[in-house]
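Report on the structure given below.
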Number of protein chains: 2
Amino acid sequence: MRGPETRTEIIGAADRLFYERGFEHTSFADIAEAVTIARGNFYYHFKSKDEILSAVIARRVAHTTALLERWARDNPTPRGRLSAFVGMLEVNGDAIMRYGCPVGTLTIELSKLLHGSRDQVVGLFDLFRDWLAEQFRALGRDADAQALALHLLMRSQGVATLYTAYRDRDFVIREMAMMESWIDEVAGTQPAATI
Amino acid sequence: MRGPETRTEIIGAADRLFYERGFEHTSFADIAEAVTIARGNFYYHFKSKDEILSAVIARRVAHTTALLERWARDNPTPRGRLSAFVGMLEVNGDAIMRYGCPVGTLTIELSKLLHGSRDQVVGLFDLFRDWLAEQFRALGRDADAQALALHLLMRSQGVATLYTAYRDRDFVIREMAMMESWIDEVAGTQPAATI
DNA sequence: GTCTATACGAAGATAGAC
DNA sequence: GTCTATCTTCGTATAGAC
């Protein structure tokens, strides 16, 4: 009777577990336990594990889109929006420290597995990249908006990985401040020296 | 009769496969096939898969140490040594594009698995970090050598991850040039603005 | 829609012959 | 030291009752 809700619960639990334990290391038994349903009942909702992954990615696309819209709504200026992006490293700090970036780590795992859904996950990076580029364009950097967006995305990935490795919060705070300085430089009247 | 050699071959094959496919997704059968020995013969050399992992990490520590020594030998100046580090992104470009950074990706995987050897792998980061800090100190940045080292390490991780995601060589070339500019800024007489 | 029971294969690990 | 054979556990997936 609660079919659609069970499906949604499965996707939610799978999303969390794929992030925390990795896609391969998450079994149906793990997900079933999290949702408290029988293992066999799974296949009424999904034909295979890959199908769950597709649903998880779709869910992440929806959530990311909503997140970017919220950031845009809460921050009227492009400069403030870029800070919202940088602030994510602190807001999600605990999770990143333990499990890394949800997008980066899944991309790497699926790349190594030669998994067909890899490109779909990279699409999540696209969402951030395009949104960031939009902000840089609004700051008058039309020519290199895309490159600037990738640079900021690159930094957030690097910080996330080293945060997971070293679990050093001071490092993250320091790097976030450097990212803000860099954005200020880019947003300034004269073009920045380093880019 | 070739016992020690077989052991070395196993470690070498495991090293490569752990990198390319991930630790969890590499089976004994995979390694056995690569070395062309029987699956069962494994346990004469190693008691468990974790023991192979330990041996692989030890091998990587030795190789990394040798690499850093070679870089120091081939490049007399600290500035040149830092470029050698940056150049790694291009030298190992194809592998990074497909499998990411060997250190970063294994750190993330073992972190998610809550694996006991995680800290040993982070020790590989330490080797690079300390070596880089040494170069920054030689450039007169005694006070923040460690932070500068972590910053460069962070950038290389970020570039590696986005290279695996987007497979865009131009992005890597561009980011490498930015890293060089940043190093020049740091190495210059006046302290850099962004750090 | 959800359950139990079960088939099937893969993977880690062991025993014992050569 | 290396082999074959085998045990056991786990994970994906299916069948069929309720």
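Numbered from 1 within each chain, the chains take letters A, B, ... in sequence-line order.
The interatomic distance linking R7(B) (CZ) with dT2(D) (P) rounds to 13 Å, in whole Å. Whole-Å rounding puts the F42(B) CZ to dA5(D) C1' distance at 18 Å. Atom-to-atom, CD of E5(A) to C1' of dT2(C) comes out at 14 Å; the value is rounded to the nearest Å. Separating the OH atom of Y44(A) from the C1' atom of dT2(C) is a distance of 10 Å, rounded to the nearest angstrom.
Both the sub-6.0 Å distance and the 45° axial angle are not jointly satisfied by K112(A) relative to the ring of F18(B).
The environment of E51(A) atom CD is dense: over 12 non-hydrogen atoms of other residues, nucleotides or ligands sit within 6.0 angstrom.
Between Y166(A) and F125(B), the angle of the ring planes lies from 30° to 60°, which puts this pair in the tilted group. The aromatic rings of H151(B) and W182(B) sit tilted, their planes meeting at an angle between 30° and 60°.
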Completion exercise
Counting primed atoms, P, OP1 and OP2 as sugar-phosphate and everything else as base, the B/S/- map of nucleotides 8-15 of chain D against protein heavy atoms under 4.0 Å is ---SBBB-
Practice task
Go through the steps to decide whether D50(A) and H115(A) satisfy the test side-chain contact (heavy atoms from CB on, under 4.5 Å), and finish with yes or no.
Solution key: CA-CA 9 Å; D50(A) 286 349; H115(A) 195 287; 2.9 Å; yes
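We find the CZ-CG distance between R174(B) and D168(B) to be 6.5 Å, quoted to the nearest 0.5 Å.
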